[in-house]
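Before any comments, here is the structure.
What's counted below: heavy atoms across the whole structure, side chains too, no hydrogens, waters or symmetry copies.
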Amino acid sequence: MKDKSFVKKYSDKIIAVFAVIILYTLFFTFKIGCPIKYTTGISCMGCGMTRALWAAARLHFADAFYFHPLWPVVIAWIPIFAFRKKMSKEVFKALIIITIVAFIVVYFIRMFDPHNHVVVFEPAKSIFGRLINIIK
């Protein structure tokens, strides 16, 4: 029989989740926040998503949409990912492509919106930018 316990079956995924939790706890403890923004000074396409999901969890939906307008897509992906084996590969791939395109479009809109203060392009404030200023 191939009957495995839940922990044995998903141990690698459980370890990965705990590793991410520990890593992000360290980032926020040492005031790094987002490692991508800290390193490059440039926000990624998912910038603000954690804050958006926290705001939505507290039912502050206006704040959630301010932090990242695509936060409902992440929620929608939970059942999509859970039942991906029950849908055709073509449909699943199409959903992935649509999601990626949506994130890219929203990213560039947010990047060039002068009223958006979540997504930033500030390489001088990155760790590399600060090191260059120290070296100068």
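A continuous path of hydrophobic side-chain contacts links M111 to I104 [ILVMFWY only; heavy atoms under 4.5 Å]. Hydrophobic clustering of Ile, Leu, Val, Met, Phe, Trp and Tyr side chains at less than 4.5 Å, counting indirect connections, unites M49 with F121. Side-chain heavy atoms closer than 4.5 Å link hydrophobic residues (I, L, V, M, F, W, Y) into clusters, and following such links, even through other members, never connects V101 to I96. Note: the hydrophobic cluster containing F27 also contains I22 (ILVMFWY, side chain heavy atoms under 4.5 Å, direct or indirect links). V17 and Y24 are assigned to two separate hydrophobic clusters, defined by single-linkage of ILVMFWY side chains at heavy-atom distances under 4.5 Å.
Separating the CG atom in L95 from the CD1 atom in I100 is a distance of 11.0 Å, to the nearest 0.5 Å. Between F112 atom CZ and Y107 atom OH the span is 8.5 Å, to the nearest 0.5 Å. Taking CD1 from I75 and CG from L53, the interatomic distance works out to 5.0 Å, rounded to the nearest 0.5 Å. Within the model, atoms NZ of K37 and CD of E122 stand 7.5 Å from one another, a figure rounded to the nearest 0.5 Å.
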Just distance, no hydrogens or angles: give the donor-acceptor pairs under 3.5 Å from side chains in residues 77-89, sequence neighbours left out.
from	atom 1	to	atom 2	distance (Å)
W77	NE1	T99	OG1	2.8
R84	NH1	F81	O	2.7
S88	OG	V91	N	3.2

Can you give me every donor-acceptor pair (side chain of residues 55-74, partner residue at least two apart or in another chain, under 3.5 Å) with its distance?
from	atom 1	to	atom 2	distance (Å)
R58	NH1	W54	O	3.3
H68	ND1	L70	N	3.1
H68	NE2	M45	O	2.9
H68	NE2	R110	NH1	3.3

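By the 4.5 Å heavy-atom criterion applied to side chains, S43 and V120 are counted as neighbours.
Residues T39 and S126 approach most closely at O-CB, 3.2 Å, considering heavy atoms. A pairwise comparison of heavy atoms in I36 and I42 identifies CG2-O, 3.8 Å as the closest pair.
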Apply side-chain contact (heavy atoms from CB on, under 4.5 Å) to T40 and F128, showing your working.
-> CA-CA 7 Å; T40 65; F128 294 124; 5.7 Å; no

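Atom CZ of F103 has more than 12 heavy atoms from other residues, nucleotides or ligands within 6.0 Å.
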